[in-house]
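Side chains are part of it too, since the values below use all heavy atoms of this structure and drop only hydrogens, waters and symmetry mates.
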Amino acid sequence: MEVIFLGTGTSQGVPMIAHDSPGLDLENPKNWRTRPSIHVIMDGFHIQVDAGQEFRVQCLANDIRQVDTFILTHGHADHISGMDDLRRFCTIRGSTALPVYSTAVGLQRVRDVFPYADREIPEQRYYPAFQLMEMPSRLELEGGSVESTLLPHGKMQVLGLIFTENSTGKKAVYYTDCKEVDVKQRKLARGADLVVLDALQPKKHRTHMSIGEAVETALDIGAPQTYLTHMAFMVDHDTFDRTLPNGISLAYDRLRVEL
């Protein structure tokens with residue numbers, strides 16, 4: 001299994017527009033964060049999770065050449081806005097609809113934003129086409145399985161995802177954009193080789209976990225490696241990374257983890 005971090009920033013990106021970003025070392029490329037998403041490869045099967053505003057640029061930067069299934073964690077702009085660029089992967093598939101999974105609310109958001117893509121074949125040549133399906137509690141795919149759970153994110157619920165590769169049994173957990181991870185969700189994450197957790201900023205936030213809350217969650221789950229994602233502009237990568245416990249690190253754009 002390979003997990004590629006296409007983006008690890010917030011909805012505004014890092015650094016922010018028209019903001020001096022005090023305390024952020026902009027000479028360090030790890031502090032230039034695009035909108036959050038990951039690309040998971042299990043036994044050669046490619047799963048793209050979320051597509052924000054920079055999705056096209058992220059694909060070019062990470063040499064993404066295949067998407068077999070797409071999962072939308074929720075319908076916020078920094079996770080859905082780049083879905084039109086999935087058109088290229090529809091073309092590569094022979095102009096057939098790409099399977100797209102989300103919650104019922106997430107699927108409706110896709111229909112609202114991309115009504116021309118809700119069809120079995122593209123409306124025109126090179127257009128996107130999405131086969132929209134509600135995410136089950138366990139999704140069996142060619143390369144492995146994806147379990148799902150619901151995480152609280154303000155007034156909405158976000159898909160938390162647990163990937164297990166068929167050939168190796170390796171397990172990776174992706175819990176982004178959430179205020180907390182409860183007992184049930186922690187139990188699902190135990191035994192994972194890799195855990196990725198939302199960690200917006202040092203201070204507590206109404207809809208996201210803080211770095212401290214994410215660290216507490218990570219220590220309780222006990223994975224050998226945890227990466228924190230979705231960091232805001234006040235989080236300088238090297239400054240905060242060196243303070244974290246062993247086995248917990250800040251993720252960064254273009255990080256690739258092989259399990």
Of all the heavy-atom pairs spanning [X] and [Y], show the shortest one and how long it is.
X      : Y      : result
Asp236 : Arg33  : C-NH2, 4.3 Å
Arg35  : Gly13  : NE-N, 4.0 Å
Leu72  : His79  : CD1-O, 3.4 Å
Leu244 : Leu250 : CD1-N, 3.8 Å
Gln58  : Ser37  : OE1-OG, 3.3 Å
Ala251 : Thr8   : CB-CG2, 3.8 Å

What I'd like to find out is whether the side chain of [X] reaches to under 4.5 Å of the side chain of [Y], using heavy atoms alone.
X      : Y      : answer
Val110 : Ile80  : yes
Glu165 : Lys171 : no
Thr103 : Met135 : no
Met83  : Phe70  : yes
Val49  : His39  : no
Leu159 : Leu150 : yes
Ser145 : Met42  : no
Glu142 : Asp68  : no

Looking only at atom types and distance, does a side-chain atom of [X] sit under 3.5 Å from a main-chain N or O of [Y], one as donor and one as acceptor?
X      : Y      : value
Arg186 : Val181 : yes
Asn31  : Leu26  : no
Thr164 : Gly169 : no
Gln108 : Val105 : no
His46  : Ile41  : no
Asn62  : Ile64  : no
Asp198 : Cys178 : yes
Gln48  : Asp50  : yes
Asp20  : Pro22  : no

Tell me whether [X] at atom [atom1] has more than 12 heavy atoms from other residues, nucleotides or ligands lying less than 6.0 Å away.
X      : atom1 : result
Phe240 : CZ    : yes
Asp63  : CG    : yes
Lys179 : NZ    : yes
Arg56  : CZ    : no
Arg87  : CZ    : yes
Arg88  : CZ    : no

Say you draw a straight line from CG of Leu6 to CG of Asp253; how long is it, rounded to the nearest 0.5 Å?
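Separation between the atoms: 8.5 Å.
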
Can you get from [X] to [Y] by hopping between Ile, Leu, Val, Met, Phe, Trp and Tyr side chains that sit under 4.5 Å apart?
X      : Y      : answer
Ile4   : Val146 : no
Leu228 : Val257 : no
Phe5   : Ile71  : yes

For Leu219 and Ile248, run side chain to side chain contact (heavy atoms under 4.5 Å, CB included): C-alpha distance rounded to whole Å, both residues' side-chain angles, the deciding distance at 0.1 Å, then the answer.
CA-CA 9 Å; Leu219 292 173; Ile248 304 176; 4.0 Å; yes

Salt bridge present between [X] and [Y] (N-O < 4.0 angstrom):
X      : Y      : result
Glu140 : Arg138 : yes
Asp220 : Arg190 : yes
Glu216 : Lys204 : no

Just checking, any donor-acceptor pair under 3.5 angstrom between side chains of His74 and Asp177?
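Looking only at side-chain atoms, Asp177 and His74 do form a donor-acceptor pair, the distance falling under 3.5 Å.
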
Could you walk me through whether Met209 and Tyr175 pass the side chain to side chain contact (heavy atoms under 4.5 Å, CB included) test, one step at a time?
CA-CA 11 Å; Met209 287 195 292; Tyr175 288 168; 5.8 Å; no

Between Asp25 and Asp238, does the side chain to side chain contact (heavy atoms under 4.5 Å, CB included) criterion hold? Intermediate values first, please.
CA-CA 9 Å; Asp25 178 12; Asp238 289 358; 5.7 Å; no

side-chain contact (heavy atoms from CB on, under 4.5 Å) with Val173: which of Leu161, Leu197, Val195?
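Between Val173 and the candidates, side-chain contact (heavy atoms from CB on, under 4.5 Å) is satisfied uniquely by Val195.
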
Check the pair Gln12 / Ile17 against side chain to side chain contact (heavy atoms under 4.5 Å, CB included), numbers first and verdict last.
CA-CA 8 Å; Gln12 299 182 82; Ile17 295 172; over 6 Å; no

